[in-house]
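Just so it is clear, the values below take in all heavy atoms, side chains as well, and ignore hydrogens, waters and symmetry mates. Chain naming here is simple, since letters A, B, ... match the order of the sequence lines and numbering starts at 1 in each.
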Amino acid sequence: MADRAPFLPENDYRDTWCGGVLDDLVGKTVRVAGWVNRRRDHGGLVFIDLRDRTGVVQLVFDPAESSEYFDLGHALRPEWVLSAEGEVVRRDPETVNPEIGTGEFEVRVSGARILSEAETPPFEIEGFRAEVGEEARLRHRYLDLRRPVMQEAIEIRHRLVTEMRSFLDGEGFLEIETPVLTRSTPEGARDFLVPSRLHQGSFFALPQSPQLFKQMLMVAGFERYFQIARCFRDEDLRADRQPDFTQLDIEMSFVGVEDVIGLNERLMAHVLSGMGVEVEIPFPRISHDEAIARFGTDRPDMRFGHEVVDLTEVLRGTEFKAFGGVIEGGGAVVGINFGPKDLPRAQLDGLIEEAKELGAKGLVWAYCEDDGWRAPIAKFLSADEQAGLNEALGASEGDLMLVAADSQAVAAGILGGLRTRLAERWDLIPESGNCLVWVVDWPMFERDERTDRWIALHHPFTSPASEVDPDDPGSARALAYDLVWNGVELGGGSIRISEPDLQKEVFAIIGIDEEEAADRFGFLLEALRYGAPPHGGIAYGVDRFAALLAGFDSIRDVIAFPKTASGNDPLTGAPSPVEEPQLKELGLARGGAARAKPSDG
RNA sequence: GGGGGUGUAGCUCAGUUGGUUAGAGCGCUGGCCUGUCACGCCAGAGGCCGCGGGUUCGAGUCCCGUCACUCCCGCCA
C-alpha cells in the first residue's frame, strides 16, 4: 500500500507515513504518527511497532539516544496513539524483519508524545491467532476496521467505485442523484416506510432501486446516467444480502441490447483491469433456458463441467416406478456425473439428505462399475437402461452419478444446487480463471404458483423481444440480460418499454388494470407519453462485486457498518424503540406488543 | 415463517457417564530483561458456564422455553 500512499503535508503530528520509511529516508529525521501495534519491552530497550493506514514501522526507544523519552516508551500500550520523531537508520542485516515492508529500516526515537491512550481492546487488532466472532467485531466495528485486512477490503471497494466512475465519466455518463424518500410502489420486495410528519397518515418509501427515476431521466434527455445508489429492501438477510445495499445503476438512451452489453463489457474490462484482473471480451452468452437445462440455475458457474444431463428419453417406459411415474406425468429425470469419487455409504446418504433440503423428494446415487451399476436401485433398471444412462452421462468405471426426478426445472435445480455445493467441497473448481457470462433470452413472465397469476420475471417495465401473445404469455422472451461472475449474479438489466400502449399490454397480462397502473405508476406512464427515447440499462450489486474482488464470502466484510443476519446493528443498537412523543408527532400509534429491547441475550 | 449449527474468562476454545475447588492458549496487571519483531522468563488477577424454568441428593453436562450470533430454504418485481 505504501506506493499508493497519498501526499502527506508536514505538520506537528507527522511528516512521513509509517509505510514510507524506506531507503530514501535513511539518515534523515522523520516524524510519524499512528497506533501502537505491538510493544516489545526489553527493560533496557523498547521496540514499538507503529501502525498507520499505510503500514507498520519499528520505533526504537534507546536510553542512549534519548533518556527523557525512554520511560514514555516503557509506558506505551497497544492501540495508544503516538507521534514520534527520530532518525531513520538501516537495520543490521541480522535484525531485518522481512515480514513488513519497512523491515530493513527503523526509527531511533529522539522525541515522542502520546496523543491518546487506549483501553485494552476487546480483541486483538492484529489477531492472526484466531478469527474473532462476528458479533464482537460488529459491536466494536471501529476496532475491527483498524485491522489491515479490513482496511484493504474497504480500499478495494473504494478503488472499484472509483474505476466505475472514471470509466463512465469518460464515456459521457452523468452521475445524477435520485431521492431516497420516495413513493411506495408495492409488488417486489417489501418497502421500508418512513412516516410523513407534514402529511400524517401518508408514508414515504425508501427506494428498492432508482428504476423509475432513471427511466424518467432518459425521458428528460440526459441520455447517459449512472449513480452509485443506495437501495433498500425489507426482506430476510443472507451472507450476500443486506437491507440497505449499493448498486451501480446505469441507463442509456437510443440503445438496444447489443449497445448495453457492449458498453458493459468495456466497463468490466476497464474496472477489472484497474483491479489487476484481466478478462477477455466479448463475454460468452447463454440463454436462460439453456442455463437452467445445463446447470439447473439462472446464474451458472461455468468454470467447471459436471453439467446436468437430461435422462428422460433413456428411461422412457422404464419398469422402475419412481422414474417411470414422473416421466409419464410430464416430468424429467436428470443426472450429473461427478467423476471418480469414492464415498462411504454414510456420506452418500448425507447427499440424499442434502438434496431433500434443496426440495428434492429423493435422490439416487450410483457408481458405474465393470458389470453394471452399483446403486440401491440397480436391480430395478435393466442392463440396457444402465448402459444407456452410462452413455448419456459419459460415465466410466468408478464414476459417481447423482440422479433426481421431478419436473424438469425442479429436478435440474436440485442437481444444480448440489453441483455448486459439491464443487466447492470436492475442489472441482480450477484455481485460475474467471468466468463472466451473460444470461440472455429471459422469459418475460412466469406463473406465480401461490396466486396463480402471471408475474414479470424481471420487472414490469422490461421490453419484450417481440409481440406478446396474450393467450401464451409464457412463450414471450424479454430483452433482459444478467451478468454472472463465477456463479454469482453481479448485475442485471433490460431494454425498457418506451411506448405507453405496450406498457399497458404488459400490465394487463400481469393483472394490473389501467386504473391500478395509473394509481401506482401514473407518473412514469405519463412521462412515457411525452416523447420517450428507446432506452435501457443495468444495475450491479456493488457489495457483491467488492466481496468477490476482496475474496470474502460475506458482503458484510466489504461494508463499513453492516447489519447482522437478523437485521440489527450491534454497534448503534439500531433498530431501537422510540419515545411516545416522537410517535405522536408523526400521527402514529403503537400497535401490538411494543416491548423494550432485551439488553442481554 | 421453517430447518441446521453455535453460545463456558477480554478473545479463541476444551470440559469424559450428571459428581467435590470449571481448564488451556492468547490477551491483561506487576516484576526481571539492551536487538526484539507472535520477544523471553517469573508471579498474579480474571467466570451469572447466554437467560428463565424443570428433573435430580447433586446440572456447564439431561429436559422445556427463550434470546443472540451464524448458515441454508421460503422471501428478495
Side-chain angles (χ1 to χ4, degrees), chain A residues 37-49 56-65 70 74 77-79 91-92 94-100 102-103 106 108 119-140 143 185-191 208-209 211-212 231-243 245 353-354 356-360 413-414 417 421 444-446 448 450 454-462 478 480 489 492 494 506 510 512 520-521 541 553-554 556 563-568 570 597-601:
Chain A
N37 199 49
R38 212 176 285 281
R39 178 183 64 122
R40 291 177 296 278
D41 187 345
H42 288 230
L45 191 65
V46 179
F47 299 98
I48 296 292
D49 291 338
V56 167
V57 66
Q58 175 165 276
L59 310 179
V60 185
F61 288 80
D62 186 339
E65 194 80 30
F70 184 73
H74 178 73
R77 290 293 181 274
E79 300 310 314
R91 299 198 200 178
D92 293 335
E94 64 271 21
T95 63
V96 164
N97 179 4
E99 298 296 315
I100 59 174
T102 61
E106 62 194 16
R108 301 194 61 82
E119 288 182 19
T120 301
F123 49 84
E124 291 170 75
I125 303 306
E126 274 231 291
F128 37 79
R129 289 183 176 87
E131 281 295 311
V132 177
E134 217 171 338
E135 195 177 6
R137 290 173 53 201
L138 293 181
R139 173 84 181 79
H140 302 276
L143 296 179
T185 53
E187 195 152 16
R190 265 186 290 271
D191 283 323
Q208 296 177 25
S209 81
Q211 181 62 35
L212 303 178
C231 305
F232 307 86
R233 294 179 188 175
D234 189 7
E235 297 292 345
D236 288 359
L237 289 76
R238 286 282 195 288
D240 62 352
R241 295 196 327 223
Q242 285 271 303
F245 63 102
E353 287 310 305
E354 219 162 328
K356 286 181 179 168
E357 283 169 23
L358 293 169
I414 287 153
R421 292 185 181 198
M444 271 295 280
F445 307 102
E446 67 179 345
D448 183 350
R450 290 170 311 168
W454 290 102
I455 56 174
L457 189 61
H458 192 64
H459 59 57
F461 314 108
T462 300
E489 184 198 329
S494 64
V506 169
I510 60 177
I512 299 180
R520 285 201 205 167
F521 311 112
D553 291 329
S554 167
R556 290 189 295 270
K563 313 282 184 292
T564 67
S566 46
N568 304 313
K597 236 181 120 116
S599 61
D600 192 343

Using modelled atom types and a 3.5 Å cut-off, is there a donor and acceptor pairing between side-chain atoms of [X] and backbone atoms of [Y]?
| X | Y | value |
| --- | --- | --- |
| A:D92 | A:E94 | no |
| A:R91 | A:G103 | yes |
| A:Q242 | A:R556 | no |
| A:Q208 | A:A189 | yes |
| A:E235 | A:R190 | yes |
| A:R39 | A:H74 | yes |

Minimum-distance nucleotide to [X] side chain [options: [options]]:
| X | options | answer |
| --- | --- | --- |
| A:E106 | B:U34, B:G74, B:U36 | B:U36 |
| A:V132 | B:C37, B:C69, B:U12 | B:U12 |
| A:E134 | B:C72, B:C37, B:U70 | B:U70 |
| A:Q58 | B:U29, B:C37, B:C39 | B:C37 |
| A:A239 | B:G74, B:C71, B:G27 | B:C71 |
| A:S566 | B:C39, B:U34, B:C69 | B:C69 |
| A:A565 | B:G35, B:C71, B:C76 | B:C71 |
| A:E99 | B:G35, B:A38, B:C73 | B:A38 |
| A:R238 | B:G27, B:G74, B:C69 | B:G74 |
| A:E135 | B:C69, B:C37, B:C39 | B:C69 |

**Message:** Using the six-membered base ring of B:C11, report whether A:F123 stacks on it, requiring centroids under 5.5 Å and planes under 30° apart.
**Reply:**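 Stacking is absent between B:C11 and A:F123, given that the ring centres and planes do not meet under 5.5 Å and under 30°.
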
**Centroid under 5.5 Å and tilt under 30°, A:H42 to B:C39** =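 It does: the ring sits over the base of B:C39.
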
Using the [atom1] atom as the point on both nucleotides, what is the distance between [M] and [N], in whole Å?
| N | M | atom1 | result |
| --- | --- | --- | --- |
| B:G3 | B:U16 | C1' | 30 Å |
| B:U21 | B:G15 | C1' | 15 Å |
| B:G2 | B:G19 | P | 35 Å |
| B:G47 | B:G30 | C1' | 22 Å |
| B:A9 | B:C41 | P | 26 Å |
| B:A14 | B:C62 | P | 15 Å |
| B:G65 | B:U20 | P | 29 Å |
| B:C71 | B:G54 | C1' | 31 Å |

In whole Å, I'd like the distance from the [atom1] atom of [X] to the [atom2] atom of [N].
| X | N | atom1 | atom2 | result |
| --- | --- | --- | --- | --- |
| A:Q242 | B:C76 | CD | P | 18 Å |
| A:E119 | B:C11 | CD | C1' | 16 Å |
| A:E131 | B:C26 | CD | C1' | 15 Å |
| A:L457 | B:C75 | CG | P | 13 Å |
| A:F47 | B:G40 | CZ | C1' | 13 Å |
| A:D236 | B:C71 | CG | C1' | 13 Å |
| A:L358 | B:G3 | CG | C1' | 12 Å |
| A:E94 | B:C37 | CD | P | 13 Å |

**Prompt:** With distance as the sole criterion, do the side chain of A:R108 and the base of B:G35 form a donor-acceptor contact below 3.5 Å?
**Reply:**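 Counting by modelled atom types and ignoring angles, a donor-acceptor contact under 3.5 Å is found here.
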
**Prompt:** Does any N or O donor sit under 3.5 Å from an N or O acceptor when you compare the side chain of A:R241 with the base of B:C75?
**Reply:**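 Pair found.
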
For [N], the Watson-Crick or wobble partner whose two distances fall under 3.5 Å:
| N | result |
| --- | --- |
| B:C49 | none |
| B:G40 | B:C32 |
| B:U12 | B:A24 |
| B:G60 | none |

Just to confirm, is there a sub-4.0 Å distance from OP1 or OP2 of [N] to any side-chain nitrogen or oxygen of [X]?
| X | N | value |
| --- | --- | --- |
| A:R190 | B:C76 | no |
| A:T564 | B:A68 | no |
| A:N37 | B:C37 | no |
| A:R40 | B:U36 | no |
| A:R556 | B:C71 | yes |
| A:R233 | B:C75 | no |
| A:R421 | B:C73 | no |

**Item:** Validation row: A:P78, A:E124 side chains within 4.5 angstrom (heavy atoms)
**Value:**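 No, their side chains stay 4.5 Å or more apart.
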
**Prompt:** Considering heavy-atom distances to RNA chain B, does A:R91 or A:G133 have its closest nucleotide positioned more toward the 5' end?
**Reply:**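 Its nearest nucleotide being more 5', the pick is A:G133.
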
**Message:** Both A:D41 and A:P122 contact RNA chain B. Which one's nearest nucleotide lies toward the 5' end?
**Reply:**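 The residue mapped nearer the 5' terminus is A:P122.
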
**Nearest atoms (heavy-atom pairs only) where A:P570 meets A:L138** =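 Between these two residues, the closest heavy atoms are CG-CB, 3.9 Å.
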
**Message:** On a heavy-atom basis, which atom in A:V57 and which in A:T102 lie closest, and how many Å separate them?
**Reply:**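 Heavy atoms of A:V57 and A:T102 come nearest at CA-OG1, 3.5 Å.
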
**Request:** Could you tell me whether A:P570 contacts a base, only the sugar-phosphate backbone, or nothing, with contacts defined as non-hydrogen atoms closer than 4.0 Å?
**Result:**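 Since no nucleic acid heavy atom lies under 4.0 Å of A:P570, the category is nothing.
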
**Request:** Mind checking A:I100 for me? I need base, sugar-phosphate or nothing, with any heavy atom below 4.0 Å counting as a touch.
**Result:**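 No contact.
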
